[in-house]
Each structure stands twice: as structure tokens, then as C-alpha cells.
Amino acid sequence: MKEIIDFIRRKLSVRVSLWVVLFAAIIFLAALGFMFVQARDAVRQEAINRASQILNNTALRVTGILNRAEVASNMIEWLVMRHPDRPDSMFVYSEAVLKRNHDFFNCSIAFEPYFYEKYGRYFSAYSKRNGDSIRTMQGGSDSYQYFYMDWYLMPRLLDKMCWTEPYMDLDVATNTKEMLTSYCNPIVDKEGKFLGVVNIGLSLSWLSNTISAVKPYPNSYSIMVGHGGTYFVHPDTTKLLNETLFTETLEREDTAKTALGHAMQRGEEGMRQLNVDGVDSYVFYKPLGQTGWSMAIVCPESDIFGGFDRLRRTVMTIVTVGLLLMLFFFIRIITSELRPLRRLAQEAETIASGQFDTKLPDFKRTDEIGQLSHSFGNMQNSLVSYIEELKTTTAQKASIESELNVASSIQMSMLPSVFPNREGLDMYASMTPAKEVGGDLYGYLLIDDSLYFCLGDVSGKGVPASLFMAQVTRLFRTLANQQMLPAEICTRMNDALSGDENPTNMFVTMFIGLVDLKTGHLSFCNAGHNPPIIGGGESHGDFLKMLTNFPIGVLPDLEFQGEEISSIKDRPLFIYTDGLNEAENMENDQFGDDHLLDILRNTHFDSARQVIETLAAEVEHHRGGADPNDDLTMMCLRVS
């Protein structure tokens, strides 16, 4: 295939011929397509009418059987209420129902515990069809407490007649199993007291045979589903009661099949076209009376349109052969007309190999080939000039990248890389810029037993943010050396960085703290920064609740409010920028506050450095190869 494509690309005569043949093919296909569409619509409509008629007839037959079960159940209830004191009559009633209705599998008239005292706790007149005979017995025992069966509990709890979902009926006497669905009718006296249940069962295998016998096409089949979409009837018996219409959509999303399932659940009637088990099919569906069930006929498209497709293939074969012959003759004619282009193509390859001084042939033509030759000459001259400019631009770019690397090294040197080695203090921080240089910062200053520390995030990224960050870092160290409180440091920094002193309107969010290493007392001021996470308490870590302050540099003459904590001993303090919780992966999903809290609460850390390195690895894993969307700076402080 690749060789054919390359040949077509190299041969202009082939491409021109293909366009001519394509135009002819469009005319043929337009005429044939209109005819095929009309014929296909006619076949499709005939299939719809045929399948719909068969579906309606089958639904009427099944609905008639279900209605007879409802009528028989109501009749038994009426007879029971006429003679509620004659328990022996119940056996006659249940057996008579099966004798008169050969479609019914079993019938039971079950009563509440001790309803008939002489029979004890259980009394259920149970009749079951066994081939051509009917077996009647007294149902219910300690091994089969029918009071807890669905067919007994549902009408009692709902206080109305209902159909049950299919269930497995086990005959202990013959050790046989039968899948049944039952119509259950509560027996209630005049005072509204619940007495028992009339239960008429239909064999699911019989129902399946009745429905599956309908085949409008050789490979079509029928299905029936219950309220939740569970298969009652299906040609694949392994799916019966084990799968629903929605089972396959859980593993592989299929909106068409999901929509079909919901439509059948809502009791709608209609037709849908979708892919069923890898086969394009038409599905005709219809509800079954008041049961809440629905049945459908699945007809493969190959059955419906088999004859039509054979005719279409024959016609298309004839048209295709004719177009190929047309293509062959056009290629031969056009090739002879385009021979001068071969020479031009050879010279163009020579130029492409780097021999820009090659002289192009002059065909002495004024048509498109002559114009193309002239254009190649102009391109040859322009290419030489462009290559010289490209060399200059590449050298300038390399110089800029070198300067940015130097700027990055200078910026990183402004941030501490060595942290206090002091007993009772464990401190570590890191900053990873999103670009070559960034706007995040951190710092600390240890004066006797007082530790000043800060972490901030400058608005924006790149070189402007890094220059502003350098100003902020210098101001912090200068003011901290004067042993001011964090709130006063923020106020003084804001005065220096706002108004006329900040023509670019940049600002920085900061968290500045002062901790007494002897007592653990913490004074801090938060200037519009993310709330730190402090350890301790029942949750072993939560966001620190703080006052709201403006970021530094936004407005002049602001008075920042400070706060304090009596002691943070044995309560780790973790500070970070939004490059952590707002880190995004390829799908733009953020790392998130909940994920951050979960790691800090449920992971054991031996040191502050381990906290920083673990979270840095978690962020990298979350990104999954995506470029950083912001600078990432973290600091962990533990006083013991």
C-alpha cells in the first residue's frame, strides 16, 4: 500500500487521471446512489412492517396468557373468600386452575402462619404440572418457609397484585429445577386483613420457547427483559438472570444500547438500529401489558438487506471495472503530455540535496510548466538568503538560552540550600520553577532561638516574576534582621512594593512566620497565601484557619493582621504554593486539596525532607508527563 501511495505522489499523470475518473465516478455513484437509497428504504420499510406485525402478534399471545393468569388468580381469590373455612377446598381450586390452563406451570394458595390451626404453622395448597399429570400437595415446611419467599412477600408488602422477577423453583420430590415467574394476588378479607397469597407460576422455558419460535428472518431471535433490564428470554442461556441489557455497557460504553435498555424499561414501543454482539441489527421492542416487562425481536441487517446487497455488489463491480479501464487510458495520454516535468523534477532533487548553484533548464514555454521553472529559480535565490538568516537566528537563540541558564543559577543561589542543623528543629524546603526562572520563593533567618521563615508566590512567571522575587527575598531578610513581628514585616514590605514603587502592578502572596524554638510559640501573618497544613488533632493534619489579608503589593497603606499559636511542638507545619494543589495532568485534572491531605495524614514521614521529596514525586506522578503549569515550592517545619 505504501509503495502504491508513493507511486501516485510521484506521478502527476496518475493523479490527474484519478481526478478525471473520480469525477466520472461521482456522476455514476450519484445516479446509482439515489436508486440504491430508494430501494433500500423500500426494503427497510417492508422489514419494519413485517417484524412489527410479528412482534405485535407474539406480544398479544403472551399478553393473553399473562392476562389469563391474572383472571384465574382473581377467580381463586373470590372462591377462597366465599369459603375461607374450608381448607380442603383449596387443593381443589389450585388443581382446577392447572387443568383448565395448560400454559400454567404451578399454582399455590398459601396462608398466614397458623391460619388453619389443625394444619399447624404452614398451609399452602400447592399444585404442580408434571408432564401430562398434575401433582397436588400441602406446601410449606421448616425447610421451605414460604412466608419469606418473594412471591409471598411482594404482594403482602405492596398490598397489590404483581408479577415477580424470575426465580429458581426446586422440586424436592423429583430433585428437578425450573425457572419460573409468578403472578401473585394478595388475599384480603372485608376488613382489609391480609390472609394469604394466590400464586400462579409460568415456566420461563415454556415462555422462552413461545417467544423464540418467532423468527421473521433466518438469523433473527427474540428476547424478553424484566423491570431492571434482566434477561428472561435470550438465545444465549448463560445470560438468563445473570446479565442485563446494561451488563456489556459497564465494560464498554455503548450509548445506543443503554438508550434501548432505558426505553424498554419505560415501557416504550418502537424500533432502533444498533450493534448487537458485533452485528449491526434492527431491534423491534414492545411492552407486555401491565407486567413492566418488555420483549424485542433482533433482526441482523445482513438478513434484511441480503438480497439487496447482492444486487448492489453486482452493479458496483460492473461500474468499477469500467472506471479502471477509463483510468488506464487516461494515464497513458496524460503521461505523454507531462514529460517535460520529469526533467524539472530531477533538477529540483539536485537543489534539495544542497547544490543550490545548479542551473535549472529553460523550457522556453509560457504555460504552467514554464511558470513553474521560473518560480523554482526565484525559490533557489530566496533559499540561499534564508539559510544565512537561519544560522544567525540559531546562534542568537543559543545565546539567550545560555543567559537564562545563568539567570536560573543566580535565582536558585538566592534561596537557601542548607538548613539549620539544630537539635529539636527539622526544616527543609525546595523550589522548582515551571520555566527556566520562576516567581516562587522561600527563606529563613535564625537569630538565637528565634527562627524567621517565609514562603511566597509572585504573580506571573518567567523573568519578570524572578526579578520581583529577588526584591521580596531581599526585603524579607532585611526586615527579619530587625526582629520585627511577621505582621509588621508584611506591612513594611507592602509599603515598599506597592503604589508608585510598583509600576508593573505585580504582587506576591506570602506566609511569614516566627517561631520560638524553646517554647514552640508561633507568630505568623498570611498575606493572601494558601493556608498551610498543621499536624495534630484527631485528623492528624488539617488546613490552618487564618485571618484574610491582601497579597503584598496590591494596595498601599495596608495594615496587616498577625496571629499566633501558643505552641507547634510536635505539630509539623507544611507550607506550599498553588503549584502543588493545582498541578494538572494531561486531562487538566488537578492534584487537589483532598489528595494532599490524604497523603500527609496517612503516610509516615521520618523527616521534613522526606515530606518534600514524597510530595514532589506524587506531583510528578500525577502530571503523567504533562508540562508544569506553575512553579512548585514547598517547606516543612517540625519543632520537637
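Positions are given from 1 along the sequence. All figures in this text were calculated on a predicted structure; none of them were measured in a lab.
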Check: Q138 side chain, S124 main-chain N or O, donor-acceptor pair, under 3.5 Å
yes
Check: Under the side-chain contact (heavy atoms from CB on, under 4.5 Å) criterion, do Y231 and T244 qualify, and how do the steps go?
Finding: CA-CA 6 Å; Y231 289 117; T244 71; 5.7 Å; no
Could you label the plane-to-plane angle of the F91 and F123 rings as parallel, tilted or perpendicular, counting under 30° as parallel and over 60° as perpendicular?
-> perpendicular
- Query: For residues Q45 and N49, is any side-chain donor paired with an opposing acceptor at under 3.5 Å?
  - Reply: yes
**Report entry** Side-chain touch I533/L596, heavy atoms, less than 4.5 angstrom
**Finding:** yes
message = Looking only at the side chains, is there a donor atom on one of R272 and Y285 sitting less than 3.5 Å from an acceptor on the other?
response = yes
Pair N581-D593, side-chain hydrogen bond (donor to acceptor under 3.5 Å, both in side chains): steps then yes or no: CA-CA 6 Å; N581 59 327; D593 293 338; 3.0 Å; yes
Problem - N/O donor-acceptor pair under 3.5 Å between S73 side chain and A69 backbone - result: no
Decide if atom CZ of F28 counts as having more than 12 heavy atoms of other residues, nucleotides or ligands within a radius under 6.0 Å.
no
Nearest heavy-atom approach of I297 to A51 is CD1-O, 4.1 Å
Check whether any side-chain heavy atom of I48 lies under 4.5 Å from a side-chain heavy atom of F284, and answer yes or no.
yes
Assess, by modelled atom type and distance only, whether the side chains of Y152 and Q145 contain a donor and an acceptor separated by less than 3.5 Å. no
Count the heavy atoms of every other residue, nucleotide or ligand shown that sit under 6.0 Å from CG of D594, and state whether that count exceeds 12. no
| Modelled atom types, side-chain donor and acceptor of N74 and E70, under 3.5 Å | no
Next on the checklist: Does any part of the side chain of V298, heavy atoms only, come nearer than 4.5 Å to the side chain of S222, both counted from C-beta?
Outcome noted: no
Tightest non-hydrogen contact, residues S94 and S127, listed as OG-OG, 2.8 Å
Q) Relative to each other, are the rings of W163 and Y183 parallel, tilted or perpendicular (30° and 60° limits)? A) tilted
Over 12 non-hydrogen atoms of neighbours within 6.0 angstrom of CD in Q38:
yes
When F147, Y144, F111 are each screened for ring-ring contact (aromatic ring centres under 6.0 Å, His included) with Y122, the one that passes is F147
Main-chain N/O of K128 paired to R135 side chain as donor or acceptor, under 3.5 Å: no
What do you reckon, is CE of M326 surrounded by more than 12 foreign heavy atoms closer than 6.0 Å?
yes
- Query: Is the closest basic N to carboxylate O distance between K239 and D277 below 4.0 Å?
  - Reply: yes
One should read off an interatomic distance between R313 CZ and I318 CD1, to the nearest 0.5 angstrom, of 13.5 Å
On the ring face of Y93, is R86 found with NZ or CZ under 6.0 Å from the centre and within 45° of the axis?
no
Inset, instruction - Check whether any side-chain N or O of D589 sits under 3.5 Å from a backbone N or O of N585 as a donor-acceptor pair, and report yes or no. - result: no
Is any side-chain heavy atom of V225 less than 4.5 Å from a side-chain heavy atom of V233?
no
If only atom types and distance count, is the side chain of D189 paired as donor or acceptor with the main-chain N or O of G192 below 3.5 Å? yes
Those residues at least two apart in sequence (or on a different chain) that pass side-chain hydrogen bond (donor to acceptor under 3.5 Å, both in side chains) with R266 are E268
Check: side-chain contact (heavy atoms from CB on, under 4.5 Å) between L615 and L600: does it pass, once the steps are laid out?
Finding: CA-CA 9 Å; L615 286 171; L600 293 178; 4.0 Å; yes
Residue set satisfying side-chain hydrogen bond (donor to acceptor under 3.5 Å, both in side chains) with W293, at least two apart, ordered chain then number -> none
So CZ of F246 and CD of Q265: to nearest 0.5 Å the spacing works out to 4.0 Å
For C107 and I76, the nearest pair of non-hydrogen atoms, with its separation, is SG-CD1, 3.7 Å
Shortest non-hydrogen pair, E95 vs I134, comes out as CG-CG2, 4.0 Å
### Query
Does some side-chain heavy atom of V188 sit less than 4.5 Å from a side-chain heavy atom of L195?
no
(message) Taking atom CZ as the centre, does F329 end up with more than 12 heavy-atom neighbours from other residues, nucleotides or ligands that are less than 6.0 angstrom away?
(response) no
Rounded to the nearest 0.5 angstrom, the OG-CE distance for S108 and M149 is 11.5 Å
Item checked: Worked check of side-chain contact (heavy atoms from CB on, under 4.5 Å) between T432 and D631 -> CA-CA 6 Å; T432 306; D631 304 332; over 6 Å; no
(request) Give a yes or no on whether the backbone of D103 and the side-chain of N101 come within a donor-acceptor separation of less than 3.5 Å. (result) no
Item checked: Between N106 and R129: side-chain donor-acceptor atoms closer than 3.5 Å -> no
Just wondering, do W151 and Y146 contact through their side chains at under 4.5 Å, heavy atoms? yes
Shortest non-hydrogen pair, A72 vs I200, comes out as CB-CD1, 3.7 Å
Output for pair (Y217 OH, C299 SG), nearest 0.5 Å, gives 6.5 Å
In this structure, OG of S220 is separated from CD1 of I54 (nearest 0.5 Å) by 7.5 Å
Looking only at heavy atoms, the pair that brings A583 and V619 closest together is CB-CG1, 3.8 Å
Would you check, one step at a time, whether the test side-chain contact (heavy atoms from CB on, under 4.5 Å) holds for R61 with T58? CA-CA 5 Å; R61 182 181 177 190; T58 305; 5.6 Å; no
- Side-chain ion pair, K193 and E112, N-O less than 4.0 Å: no
- Message: Counting C-beta onward and ignoring hydrogens, is there a side-chain heavy-atom pair between F194 and I187 closer than 4.5 Å?
- Response: no
Practice problem: Please check if the side chain of S89 supplies one atom and the backbone of P87 the other of a donor-acceptor pair under 3.5 Å. | Solution: no
Rounded to the nearest 0.5 angstrom, the CG-CG distance for L22 and L18 is 8.0 Å
**Prompt:** Are side-chain N/O atoms of D280 and N275 paired as donor and acceptor at under 3.5 Å?
**Reply:** yes
| query | Between the main-chain N or O of N130 and the side-chain N or O of S133, is there a donor-acceptor pair closer than 3.5 Å? | reply | yes
> Hey, are the side chains of P155 and K160 touching, using non-hydrogen atoms and a 4.5 Å cut-off?
Replying inline: no
Practice prompt. Could you tell me whether the side chains of D85 and Y116 share a donor-acceptor contact shorter than 3.5 Å?
Written response: no
Q) Under 3.5 Å, is there a donor-acceptor pair linking the side chains of D150 and T164? A) no
